[in-house]
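Predicted model, so just to flag it, every value in this text is computed and none were measured. Counting begins at 1 with the first residue of the sequence.
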Amino acid sequence: SLLQFDAVEFLGLVENLWAAETSTGEVPAWFATADAQALQVLARERVYQLAPRRPGQPPCVTRILEPHAKWRVLLEILERTVGEVSEADAKRRTTSESGTNPAIVEPLVHETKHLVQAIDCCEE
């Protein structure tokens, strides 16, 4: 289940675990270990980045996000779909102009390209 979490969900899980355990007043011994501290720091670094401080100013926190692995797979599927639909449409046009229905094929290719562009923007 942990492998399915994205960076934000994982940070939330770590912070909720930390808050639940420390709110009872009884902090488990493993919270004081270097591994527990590293877990917290690394979970935060996957979501937030501290910009260098300027003298006399508080640090600037910037939110950064790792692209979720699902987006990369979805992008590959959409790109493959666009290619296959374009190829099938090109074959249909060369073999029989009367068998092509551009009212269906062209909007599908157009909308799929927009989805691919949206996913590209999310990954940047």
Side-chain heavy atoms under 4.5 angstrom apart, residues restricted to Ile, Leu, Val, Met, Phe, Trp, Tyr: same cluster for L11 and L42?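 Different clusters.
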Transitive ILVMFWY side-chain link V41 to V14, under 4.5 Å: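 In one cluster: no.
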Could you state the interatomic distance from CG (L17) to CD (Q40), rounded to the nearest 0.5 Å?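 Reported to 0.5 Å precision, the distance equals 9.0 Å.
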Rounded to the nearest 0.5 Å, what separates atom CD in E9 from atom CG in N16?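 Answer for the CD-CG pair, E9 versus N16, is 12.0 Å.
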Does the side chain of [X] reach to within under 4.5 Å of the side chain of [Y], using non-hydrogen atoms?
X	Y	result
L39	F10	yes
V8	R63	yes
V47	I64	no

